[in-house]
There are 2 protein chains.
Amino acid sequence: MIYIVEDDREIREMIGYALKNSGFEVAGLADGNQLDAAVEVQVPEMILLDIMLPEEDGLAVLRRLREDERTKDVPIMMVTAKTTELDKVKGLDMGADDYLTKPFGIMELVSRVKALLRRSAPRDDEEIIVYAGIMLDVRRHLVSADGRQLELTYKEYELLKYLLKNSGIVLSREKIMDKVWGYDFEGESRTVDMHIKTLRQKLGQNGAHIKTIRNVGYKLGD
Amino acid sequence: MIYIVEDDREIREMIGYALKNSGFEVAGLADGNQLDAAVEVQVPEMILLDIMLPEEDGLAVLRRLREDERTKDVPIMMVTAKTTELDKVKGLDMGADDYLTKPFGIMELVSRVKALLRRSAPRDDEEIIVYAGIMLDVRRHLVSADGRQLELTYKEYELLKYLLKNSGIVLSREKIMDKVWGYDFEGESRTVDMHIKTLRQKLGQNGAHIKTIRNVGYKLGD
DNA sequence: ATAATATGTTATAAATTTATCAAAGAGTGG
DNA sequence: CCACTCTTTGATAAATTTATAACATATTAT
């Protein structure tokens, strides 16, 4: 999902149309307030941000986005009529990833969006992840341990995938909850433990690779 | 290390100068062949690539860089006089990360280089603390002494981490209690001593690096 | 040398954390 | 709606860690 923050409805729709045509999901937003509301609902993959906004200045919005834990790593492209070199330098140095000045070619914009997404995309498009005897094929949605195929439920699969992608790294229960379950969880819950248990069981011998780090979390491998 | 591939010596030196001033290490290269040779020696953090090169076209060089396993993830910024939208789209779609047209402001170039490096930097904050033979890897939650891996309990680990982070500085028992245990403690207690003991034991030879400063507290190193 | 004070060591009970179980709850497809 | 599997949750058991008291040893002051 890409958010386009731009007060001029025509430009917004034009950009939106071009990006949709290239296969992106987009949402047009007229100002910083609408952006805030949208971020509450969903953190986007990318934000196109105009500088000349009616209420709050685009640079101010940029600063807020970079300070917010949720959006501090979201790629941001400034799209604006402000065209002096100093403007660009300011925007880039404040944490924008690209700076495109109006009028711009729509093809260039799309190419730049792609380039930025390419660079920012988490490198997790690996097809097959292997650790020791454990093998997980993302595309085929298959998991095997020592060659023997396993029947994993959805959560078990997602949990194992997350562990595999972060093998060697300690993952706290909160982080696991956040990434695999998709929501912050406060307080106690044995949910993660439970799934770790069934995973260990189903993995048989390889289950021993999932280690408990007391008071911290779990870790796969090393 | 940033490689600047550009046949015009003057431009090359100007860019190099500006980037050096911003604290980067740079190397100027006149064409694709020189670049190949340089990549053999060291894979750079980033490449600035002119399109109009004497022998091989910059786009061809770009394609080769993206096909080469060593350089396929290196950020590349095209810096060129070719200025039509189609040129930009071609460059970006072939895997360039940014496309800057001459003449460009040197400040903008530096800001774009910074922005790109910021985005490309592996954002997993590798935090590994080392003192003498002691090594502590925060993300992996591993501790080793002279290469031999240690099994530390939670408090031992946290205590060692605190000592390592403050190596050379004397830490009173109260301060240690406060920081590692998270609460003020008044009165006597052998708790810290106790953990220091087990740490020294587990660290083996390296345990001697934890020094007792009588009447004051403990200190790691120096 | 002796007393006074500070630190090191030990064993063990208490506290904390994790594993496991069983059962309730939530979805899903027939 | 039922039968089914998957997921969550609270309770309890098991495992591990940690604090602490008691005592030993070391250092400093008198």
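Note on naming: letters A, B, ... go to the chains in the order of the sequence lines (proteins, then strands), and numbering restarts at 1 for each one. Please read these numbers as outputs of a predicted model, since none were measured by experiment.
Across C:dA19, C:dG8, D:dT20, the shortest atom-to-atom separation from the side chain of B:Tyr218 is found for C:dG8. The side chain of B:Thr153 approaches D:dT17 more closely than any other nucleotide in the set C:dA22, D:dT17, D:dA26. Checking D:dT28, D:dT7, C:dT9 against the side-chain heavy atoms of B:Asp193 singles out C:dT9 as nearest. Distance from the side chain of A:Met194 is smallest for C:dT20 among the nucleotides C:dT20, C:dG8, C:dT10. For B:Arg214, taking side-chain heavy atoms from C-beta onward, the closest of the listed nucleotides D:dT9, D:dA26, C:dA19 is D:dA26. In this structure, the nucleotide among D:dA26, C:dT10, C:dT20 sitting nearest to the side chain of B:Lys197 is C:dT10.
A donor-acceptor contact under 3.5 angstrom links the side chains of A:Tyr218 and A:Arg173, judged on distance only.
Between B:His195 and the phosphate of D:dT17, there is no side-chain N or O to OP1/OP2 separation shorter than 4.0 Å. At the phosphate of D:dT18, neither OP1 nor OP2 sits under 4.0 Å from any side-chain N or O atom of B:Trp181. For C:dA19, one of the phosphate oxygens OP1 or OP2 lies less than 4.0 angstrom from a side-chain nitrogen or oxygen of A:Thr212.
Taking atom CG on B:Asn215 and atom P on D:dA29, their separation rounds to 9 Å, with Å as the unit. The nearest whole Å value for the distance from the CD1 atom in A:Ile213 to the P atom in D:dT17 is 11 Å. Across the protein-nucleic acid pair, A:Lys211 atom NZ and D:dT16 atom C1' stand 18 Å apart, rounded to whole Å. One can place CZ of B:Arg173 at 6 Å from C1' of C:dT7, the figure rounded to the nearest angstrom. The CD1 atom of B:Ile196 sits 15 Å away from the C1' atom of C:dA6 (whole-angstrom rounding). Rounded to whole Å, atom C1' of D:dA15 lies 15 Å from atom CD of B:Glu151. Nucleotide C:dA14 holds its P atom 19 Å from the NZ atom of B:Lys155, rounded to whole Å. Atoms CD (B:Glu156) and C1' (D:dT18) sit 10 Å apart, rounded to a whole Å.
Evaluated for a salt bridge (charged side-chain N to carboxylate O under 4.0 Å, His left out) with B:Glu127, the options B:Lys161, B:Arg140, B:Arg139, B:Lys165 yield exactly one hit, B:Lys165.
Residue-to-nucleotide contacts include no donor-acceptor pair under 3.5 Å from the side chain of A:Arg190 to the base of D:dT9.
Contact annotation: the side chain of B:Leu203 never approaches that of B:His209 to less than 4.5 Å [non-hydrogen atoms, C-beta and beyond]. Contact check for A:Leu117 versus A:Phe24: side-chain heavy atoms found under the 4.5 Å cut-off.
Salt-bridge check for B:Asp97 with B:Arg66: passed, with a basic side-chain N closer than 4.0 Å to an acidic carboxylate O.
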